[in-house]
Undergrad: 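Handing you this structure, nothing more for now.
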Amino acid sequence: MNSPPPQHHAVSISAPGLESQQLQSREQEDREEESHRLLPSSASPSSEAALVKSGGNCDGVAGDDEEAAYDSREKILIEDFELDSPTCSTVPPFSFKKLWLFTGPGFLMSIAFLDPGNLEGDLQAGAIAGYSLLWLLMWATAMGLLIQLLSARIGVATGRHLAELCREEYPFWAGIVLWIMAELALIGADIQEVIGSAIAIQILSRGFLPLWAGVLITASDCFVFLLLENYGVRKLEAVFAVLISTMALSFAWMFADAKPNKTELLIGLLIPKLSSRTIRQAVGVVGCVIMPHNVFLHSALVQSRQVDPKKKGQVQEAINYYSIECTAALLVSFMINLFVTAVFAKGFYGTKQANSIGLVNAGQYLEEKYGGGFFPILYIWGIGLLAAGQSSTITGTYAGQFIMGGFLNLRLKKSLRALITRSCAIIPTIIVALVFNKSESSLDVLNEWLNVLQSVQIPFALIPLLTLVSKEQIMGVFKIGPTLQRAAWTVAALVIVINGYLLFHFFLSEVDGFLFGLFVSVWTAAYVAFVVYLISHSNNEIWNWLSRFVPNRFASSGN
C-alpha cells in the first residue's frame, strides 16, 4: 500500500540518464562558447547577425535606424583582445603583433598631409623661402598630429565618429550648417586632388591627354575604391601602403638626385626664421596641414577595429596603439614633404623662376634644372604626384561617405553613397578643368581660391572636435584634461588666426566693387557669429575666459 505509484518509479529510474544527457549537453555548449571566445573570427552566423541587427557595433550602441561607420562583419578582430583585458580596466604589455593589427587608419589619414595641394605648398615654400621654413613644416606637422590624435581618441572612446556626434550634440540647424561646411571643404580639397592627378597624367602622357581627360580618368577611382572595399579593410589599407611607398620612393629619389645642402637643411629645421617676404608661404605651410575633412575621417577610420567602448582596458589599449601608429604615419608624411621642399629649395631658391613655379610647370622646371639622367626626373615627379592625387581622391571619397552618413543619418548602400559623394566633387571639377585650362596662371588663381575655401572651413571641424573631446558625458574617463585642453585650443586658435590672416590679405587684394564688398562683409559677419556660437556651445574654461571680454547677455548664451 505504501509503495509509490508505478509512474513515479519509472521517472526515478530514468532520471540519472536525463541528468547525464543534460550534463553532456551543457558541457558541449560550454566548449562551443569557449571556442568562440578564443577564436572570435569563427563566430556563429546567428551572433554575427545579431551584431549587424544591433547597428553593426560590437556593443550594440547603434540601433536599426542609425548609420554606422563599419558593420561588425567589416571590423578587424584583434587576437586575444578579450583575454588581455578580463577586468575591462587593465592594459596588457606592448605587443608588436597587436600594433601591426592596429596599423592602417593612421596611414590612410596621413594621405591628407601628402595631397597635391600640400605638395604645391611645399615646392613654393622651397623655391621662395629656401630651407628657412622647414622648422615651421615640422611644428605644423606636430600640431596636426595633436589634432589627429584627438580625432582618433573620440572615435575609439565613443564608438562613433565626429559627424555622428555633431548631429547629436548640436541643434538641427547648426548640424546642417556644419554638414554643408564639411561638404564644401571636401569638394574644395577634392578639386585640388583631382586636378593634381590630372596634371600628373598629363605629364606622364607627355601632354597627349588634356586636363579634362585626366579628370575623367581620375573619376574612375570611385569604382576602384568600391572594388577594393569588397575585399576588406586590410586589402584597402595595403593599397594605400603601396601608394605611400611610391610617393616616398619617388621623392626620395628626387632628393638623392638634387643633393640638397645638408647643413642648410639642418639649420632650417632647428632654427626658426621668418621674414616679411616669406610670410605668405609660411601661412600656406601651416594652412595646408590641417584639413577639415580629415578630422572627420580619422574618427571613423579607427572604428575599423573591434573595440568595445564599455571596456576601459580595450579602449585605452586601442588609443595607445593608434597613437603610436598615427605618429609613425605623420613622421613618414613629414619626411616626404621635407624631400619636396628641399629639392625645390636646392634647385630654385634665389632664381628668377622661383616666383612663377607651381604644380603645373614644376615638372618642366625640374627637367630643365636636373636634366634627363637614367630615369628622367620629370617622370619621377609625375609618378609621385599621381600617387598623391589618386590616394587622396580615394580617401576623399571615403571621408565623404562618413560625413554624409553621419550628419544626415543615412543608411544608404556604400556604393550609392560613394557615387553621390564622387559626383558632388567630379562634376564641379570637370567644369573647373574646362574653364581654367587656358593657362597656368589661371590654375594658380584657382588654387588660391581653393586654399581660401579650405581655410574658411577649419573652425567648423576643430571647434566641434575640441568641444566634444572635453565633455565627460561623451568621453567618460577618456575626456582630455585641462592641460591638454589648453594645448589643443592654443593650436586651434593659432591655426584659425593664421588662416584668418591669409583670408584677410586675400580678400583685401581680390575684393573689388561695392556690391561684392558688401556681400563679403555680410558673409564675414555671419561667419564670425557662427564661430562664436560654436565656441560658446563648448561651455569650457576657454569660453569662460573669453566671456570676460563680451557682454554678460551674450556670454550666457553658451550655457
Side-chain angles (χ1 to χ4, degrees), residues 99 102-126 133-152 189 192-193 196-197 200 236-255 265 268-269 284-299 301-302 322-345 359 380-381 383-396 398-399 454 458 491 495:
L99 178 61
F102 278 103
T103 298
F107 282 90
L108 265 70
M109 168 277 300
S110 71
I111 294 295
F113 290 71
L114 299 168
D115 68 359
N118 276 278
L119 297 182
E120 183 161 28
D122 293 336
L123 66 89
Q124 289 177 343
L133 295 181
L134 288 177
W135 67 274
L136 189 60
L137 174 64
M138 180 177 67
W139 284 106
T141 305
M143 291 192 294
L145 173 62
L146 174 60
I147 297 301
Q148 296 304 149
L149 288 177
L150 295 180
S151 178
Q192 285 182 310
E193 292 155 2
S197 293
L236 183 65
E237 290 171 351
V239 170
F240 279 95
V242 171
L243 292 171
I244 292 174
S245 300
T246 302
M247 278 186 275
L249 181 61
S250 298
F251 298 132
W253 191 331
M254 287 173 50
F255 182 83
L265 189 151
L269 275 174
V285 167
V286 177
C288 288
V289 166
I290 298 178
M291 307 289 283
H293 71 273
N294 208 40
V295 179
F296 290 98
L297 174 66
H298 199 193
S299 64
L301 289 175
V302 294
Y322 279 134
S323 298
I324 297 171
E325 184 243 3
C326 182
T327 303
L330 289 194
L331 179 61
V332 172
S333 74
F334 167 71
M335 292 304 300
I336 293 174
N337 285 317
L338 182 145
F339 289 155
V340 175
T341 304
V343 166
F344 284 88
L359 206 60
I380 298 173
W381 167 254
I383 290 171
L385 182 59
L386 182 62
Q390 286 295 315
S391 56
S392 56
T393 51
I394 296 175
T395 53
Y398 222 7
Q454 294 288 337
I458 284 178
V491 168
V495 172

Undergrad: Just verifying a value: how many Å separate Leu301 CG and Thr395 OG1, rounded to the nearest 0.5 Å?
TA: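 That separation rounds to 9.0 Å.
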Undergrad: Got a second to check how far Leu359's CG is from Gln192's CD, nearest 0.5 Å?
TA: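 Taking CG in Leu359 and CD in Gln192, the distance rounds to 9.5 Å.
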Undergrad: Taking all non-hydrogen atoms of both residues into account, name the closest pair between Ala189 and Met291 and its distance.
TA: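 It is CB-CE, 4.0 Å.
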Undergrad: Could you report the tightest heavy-atom contact between Glu325 and Gly106, atom names first, then the distance?
TA: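 The answer is OE2-N, 2.7 Å.
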Undergrad: Can you tell me how far the OG1 atom of Thr327 sits from the CG atom of Leu149, to the nearest 0.5 Å?
TA: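 Rounded to the nearest 0.5 Å, the OG1-CG separation comes out at 5.5 Å.
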Undergrad: Mind checking side chain to side chain donor-acceptor pair (under 3.5 Å) for Asn337 and listing every partner two or more places apart, or none if nothing turns up?
TA: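 Scan of Asn337 (side chain to side chain donor-acceptor pair (under 3.5 Å), adjacent residues dropped) gives none.
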Undergrad: Using side chain to side chain donor-acceptor pair (under 3.5 Å) as the criterion, list what pairs up with Thr393, not counting sequence neighbours.
TA: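 Per chain and number, Thr393 pairs via side chain to side chain donor-acceptor pair (under 3.5 Å) with Asp221.
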Undergrad: Side chain to side chain donor-acceptor pair (under 3.5 Å) with Asp122: which residues, sequence neighbours excluded?
TA: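 Applying side chain to side chain donor-acceptor pair (under 3.5 Å) to Asp122 gives none.
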Undergrad: Please find the pair of heavy atoms, one from Leu119 and one from Ala388, that lie closest to each other, and give the distance.
TA: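 For Leu119 versus Ala388, the nearest heavy atoms are CD1-CB, 3.8 Å.
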Undergrad: Do Met109 and Ser151 touch side chain to side chain, with heavy atoms closer than 4.5 Å?
TA: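 Heavy-atom side-chain distance check fails, nothing below 4.5 Å.
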Undergrad: Using a 4.5 Å cut-off on heavy atoms from C-beta on, say whether the side chain of Phe113 contacts that of Gln148.
TA: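 Result yes, sub-4.5 Å side-chain heavy-atom pair found.
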Undergrad: Which distance, rounded to the nearest 0.5 Å, do you find between the CG of Leu385 and the OG of Ser250?
TA: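 It comes to 10.0 Å.
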Undergrad: To the closest 0.5 Å, what do you measure between CZ (Phe102) and SG (Cys326)?
TA: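 Between Phe102 CZ and Cys326 SG, I get 14.0 Å after rounding to 0.5 Å.
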Undergrad: Mind checking side chain to side chain donor-acceptor pair (under 3.5 Å) for Glu237 and listing every partner two or more places apart, or none if nothing turns up?
TA: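 Only Arg234, Arg305 meet the side chain to side chain donor-acceptor pair (under 3.5 Å) criterion with Glu237.
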Undergrad: Which atom pair, heavy atoms only, marks the closest approach of Leu114 to Ser333?
TA: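 What the structure gives for the nearest pair is CD2-O, 3.5 Å.
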Undergrad: Can you tell me how far CG of Leu297 sits from OH of Tyr398, rounded to the nearest 0.5 angstrom?
TA: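 It comes to 8.5 Å.
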Undergrad: Please determine whether the number of non-hydrogen atoms from other residues, nucleotides or ligands lying under 6.0 Å from atom CH2 of Trp135 exceeds 12.
TA: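 Result for CH2/Trp135: enclosed.
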Undergrad: Do the side chains of Leu330 and Phe107 get nearer than 4.5 Å, heavy atoms only?
TA: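 When only atoms from C-beta onward are counted, Leu330 and Phe107 do not touch, as no gap falls below 4.5 Å.
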Undergrad: Quick check: do Leu133 and Thr341 have side-chain heavy atoms less than 4.5 Å from each other?
TA: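 No, every pair of side-chain atoms sits at 4.5 Å or beyond.
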Undergrad: Can you see which heavy atom on Asp115 is nearest to which on Ser392, and at what distance?
TA: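 Nearest heavy atoms, Asp115 then Ser392: CB-CB, 3.7 Å.
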Undergrad: Using side chain to side chain contact (heavy atoms under 4.5 Å, CB included) as the criterion, list what pairs up with Ala387, not counting sequence neighbours.
TA: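 Leu243, Thr246, Met247.
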Undergrad: Excluding sequence neighbours, so at least two apart, what forms side chain to side chain contact (heavy atoms under 4.5 Å, CB included) with Leu269?
TA: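 Listed in chain order: Leu134, Met138, Leu265, Phe334, Leu338.
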Undergrad: Would you name the heavy atoms of Ser110 and Ile244 that are closest together and state the gap between them?
TA: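 Residues Ser110 and Ile244, closest heavy atoms: OG-CD1, 4.0 Å.
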Undergrad: Does the ring centre of Phe251 sit less than 6.0 Å away from the ring centre of Phe339?
TA: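 Between Phe251 and Phe339, which both carry aromatic rings, the centre distance is not below 6.0 Å.
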